[in-house]
Protein chains: 2
Amino acid sequence: MPIPADEAQGASGRASLDAVADWIDAWAAPVAAEEISLAHAAGRIAAAAVTAAIDLPPFDRAATDGYALRSDETVGAGTYNALPFRLQPAANGVARGDAAMVHSGDPVPPGADAIVRLDQTFADAAGVIAVTGPIAAGTAVERAGSHAGRSSVLVPAGRQLGPAEIALLAAAGIERVGVHRRPRVRCLLATDHKVGTAGTLPLPPGAIHDANGSMLAALAARDGGIVMDLRAGLRERPALREALALPGADIVLVTGGTGEGPNDHAAAALADAGHLAVHGVALRPGESAGAGRAFDTPVFLLPGPTAACLWAYELLAGRAIRRLAGLGPGLPFPARALRAGRKIVSEIGMLEVCPVQCTPDGEAVPIASYAEAGLAAAVQSDGFVLVPEASEGYPQGAPVTVYLHPRRSLS
Amino acid sequence: MPIPADEAQGASGRASLDAVADWIDAWAAPVAAEEISLAHAAGRIAAAAVTAAIDLPPFDRAATDGYALRSDETVGAGTYNALPFRLQPAANGVARGDAAMVHSGDPVPPGADAIVRLDQTFADAAGVIAVTGPIAAGTAVERAGSHAGRSSVLVPAGRQLGPAEIALLAAAGIERVGVHRRPRVRCLLATDHKVGTAGTLPLPPGAIHDANGSMLAALAARDGGIVMDLRAGLRERPALREALALPGADIVLVTGGTGEGPNDHAAAALADAGHLAVHGVALRPGESAGAGRAFDTPVFLLPGPTAACLWAYELLAGRAIRRLAGLGPGLPFPARALRAGRKIVSEIGMLEVCPVQCTPDGEAVPIASYAEAGLAAAVQSDGFVLVPEASEGYPQGAPVTVYLHPRRSLS
């Protein structure tokens, strides 16, 4: 018996992906910030813009090894009119007629306004160098604040902190940074099938190994979240309802029990615990997915079969977790424009995920579908094409957007 | 005084990037494997192909909720000739004239060879259903081994373990997996400039904050390595030489002291400790980079200025760490074909890294260079264009390959 859901549900009884995305975007905002050490900040998301307390560079500095001098004193210098400068220690500053040896990165000594490179000079007498050409003011000087001025924004709010962001913050002397807390994810495994313990082989008859728990942990981590609680064996509606009432999670993922058979209790338990907003989505694999809220915590219902669980996560729950984490909501896969290497077929009315392999000459060739190959389709493919709800697919040679699995094609 | 290096050095005295890549590829092979729990395997690299010990699915199972029956007994069924089947518990198996209720994912009961969906039946008398159409053998049955057969390869050697790979291994009951150990990276900070402690503001006059240590830790982690030791203050050649003799690292990164001034001691210390293969690379920023071996451990010399350190890492040391980690050696950035939104200028003879911002209409617009803006160029850009050594750049409108900083443009 289908459970009626009150929002986003189309005439077919299945919500469109766009409608579910709108539903998510209406409530999913980044969780609160926390302050952490820069040493642990790689991959985290800046919760606010970080500004510089100092100039970068902090002082005028030499951009090369050479001699600091007053540029106006080099006017008229040439190969046949080398002009002499007395060498002085840089610590003394540079007076008229003086030059001081500096190394790349050294402060420009007081009085000097340019650095002449070693190969534009020669040693003249003891303690005297000669300059063989005129030098413009500012030559080979990195001005204080030229990379980033005091009070300028080093890293904008919402930026994921990669190596360059971390280095820029470190250069500015910043050692603690405000980032969004990782959204806390609770996973509830609600399948009514017998589940064997990992490592137990052979399995008892009729049992399978749970794959959804480990998969969801890796997916949530990729999207900036953290699985803080994973509970298995919630085969009955009251037990699942009770688990949905547990506090502490920013988002709950239920897997299994999402179908419409008599044993499928996930939607009913969510309706008991709060509010079922969506049940049934125009997505293949993943059409029995649902979503709602329990005790004010957002809940996604993900199908038990692992390939369907994967895609319901990627296209529904993942969007929510990425938003909670402060990341962009879009799919975290690079997209590439290729051509269909063979006809790609899809049922109209369903957004279908079609696994493809990519050829060196820019073709995306469909391989055995998720219905046929299950999760092996994800591992054997280079990426996937999303065939929209309104489309029956693509003829051979048609342009298609392929989302690439990370890393695979980058070697 | 340039220090002569004996390999890969071009006529200009600078090694080409290709020559250094060849030098790296000649020795950099994945480090030994270790066995770890699947729960900690996300992002790691399979050291060998992992095969299935069981069939996936482990048994013939129902792909839908419905009734299991013998398909040959449905021949001739139709809307006006509904054929009756006696309901029996699935545990009894399915004899002639019987059907058994199954849920999606249940084992197909012995004797049955197809599942008829609920909507192709109606309840007839008590304990009897009627089937309203013929069903082909195998309908809605997922055959044992159809996703992956026993002994088939689940994950090939060298594959980075993402959520789908982890789920497939979990489904096969695998709980420990052989992955390449993370290459151990030692960072030696050899600058002779005064370095302030992070968080100390204002800095003492002439001092800067070290940014290279934090940056290299984040870079090495991204490329599958781990910084196991970071030593600062190695301002003198003997101290650096001593640090190069320390055991335990798979690779050593030295930053600072790579120039040709009298205070630059990195190349000399490496020559003392072993073998300087390259010093001076046709790369901007990063031309004072070098490489070699000390006590049989590969060593990269990275310039002290942080932008130069970044690019010498990305284009030289990173390649080596990725190979040691078992990853593909290429740049870990998605590439996109765009057009130059303005002229891109580069000095011939140097591979130059040009930071660009991308416009929505597919143009790559150059922004202030690394020489002008330092590391801020990395943070303010969407990606970068590599102008090859033989090129002076690109005219406006020319096709260019842009390497995109991760995540930024994926929302």
Side-chain angles (χ1 to χ4, degrees), chain A residues 38-39 42 53-54 58-59 65 103-105 107 147-148 154-155 160 162-168 170-171 173 175 193 196 198-203 206 208-211 214-215 218-219 221-222 259 261 263 304-306 310 328-330 332 334 373-376 378-379 405-407 410-411, chain B residues 38-39 42 53-54 58-59 65 103-105 107 147-148 154-155 160 162-168 170-171 173 175 193 196 198-203 206 208-211 214-215 218-219 221-222 259 261 263 304-306 310 328-330 332 334 373-376 378-379 405-407 410-411:
Chain A
L38 195 61
I54 57 173
F59 44 80
D65 296 333
H103 302 122
S104 176
H147 297 176
L154 297 173
V155 171
Q160 190 170 35
E165 286 80 9
I166 285 173
L168 193 62
E175 67 169 356
H193 293 106
T200 307
L201 288 175
L203 281 164
I208 57 169
H209 293 291
D210 174 63
S214 351
M215 181 174 74
L219 286 165
R222 181 201 67 192
N263 287 14
T306 307
L310 172 64
L375 207 60
V379 175
H405 296 311
R407 283 277 188 193
L410 299 172
S411 55
Chain B
L38 194 63
I54 57 173
F59 44 82
D65 297 333
H103 302 122
S104 176
H147 297 176
L154 296 172
V155 171
Q160 191 170 35
E165 285 79 9
I166 285 172
L168 192 62
E175 68 169 353
H193 292 107
T200 307
L201 290 174
L203 281 164
I208 56 169
H209 293 291
D210 173 63
S214 351
M215 181 174 73
L219 287 165
R222 182 202 67 192
N263 287 15
T306 306
L310 172 64
L375 206 61
V379 175
H405 296 311
R407 281 280 189 190
L410 299 173
S411 53

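First the proteins, then the strands, lettered A, B, ... as listed; each starts at 1.
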Worksheet item: With A:Ser214, which residues qualify under side chain to side chain donor-acceptor pair (under 3.5 Å), at least two apart?
Response: none

Worksheet item: Excluding sequence neighbours, so at least two apart, what forms side chain to side chain donor-acceptor pair (under 3.5 Å) with A:His193?
Response: A:Thr191, B:Asp106

Worksheet entry | Worked check of side-chain contact (heavy atoms from CB on, under 4.5 Å) between A:Leu168 and B:Met215 | CA-CA 9 Å; A:Leu168 193 62; B:Met215 181 174 73; over 6 Å; no

Practice prompt. Find the one option among A:Gly374, A:Ala373, A:Ala376 whose heavy-atom pairs under 4.5 Å with chain B are most numerous.
Written response: A:Ala373

Fill in: Residue among A:Ser104, A:Ala221, A:Gly304 with most heavy-atom pairs under 4.5 Å to chain B
A:Ser104

Discussion item. Only pairs of heavy atoms separated by less than 4.5 Å count here; which of B:Leu38, B:Leu310, B:Leu375 has the most with chain A?
Written reply: B:Leu375

Discussion item. Can you tell me which of B:Ala171, B:Ala42, B:Ala53 forms the most heavy-atom pairs within a distance under 4.5 Å of chain A?
Written reply: B:Ala171

Worksheet item: Side chain, backbone, both or neither: which part of B:Ala211 has a non-hydrogen atom closer than 4.5 Å to chain A?
Response: both

Discussion item. Counting only non-hydrogen atoms closer than 4.5 Å, does B:Ala148 touch chain A with its backbone (N, CA, C, O), its side chain (CB onward), both, or neither?
Written reply: neither

For [X], which atoms come within 4.5 Å of any heavy atom of chain B: side chain, backbone, both, or neither?
X: A:Leu219; value: both
X: A:Pro107; value: side chain
X: A:Ala218; value: both
X: A:Ala39; value: neither

Item to complete: Using a 4.5 Å cut-off on heavy atoms from C-beta on, say whether the side chain of B:Ile208 contacts that of A:Phe59.
Response: yes

Fill in: Min side-chain heavy-atom separation A:Val379-B:Leu154 under 4.5 Å
no

Worksheet item: Which value, rounded to the nearest 0.5 Å, describes the distance between A:Gln160 atom CD and B:His405 atom NE2?
Response: 13.0 Å

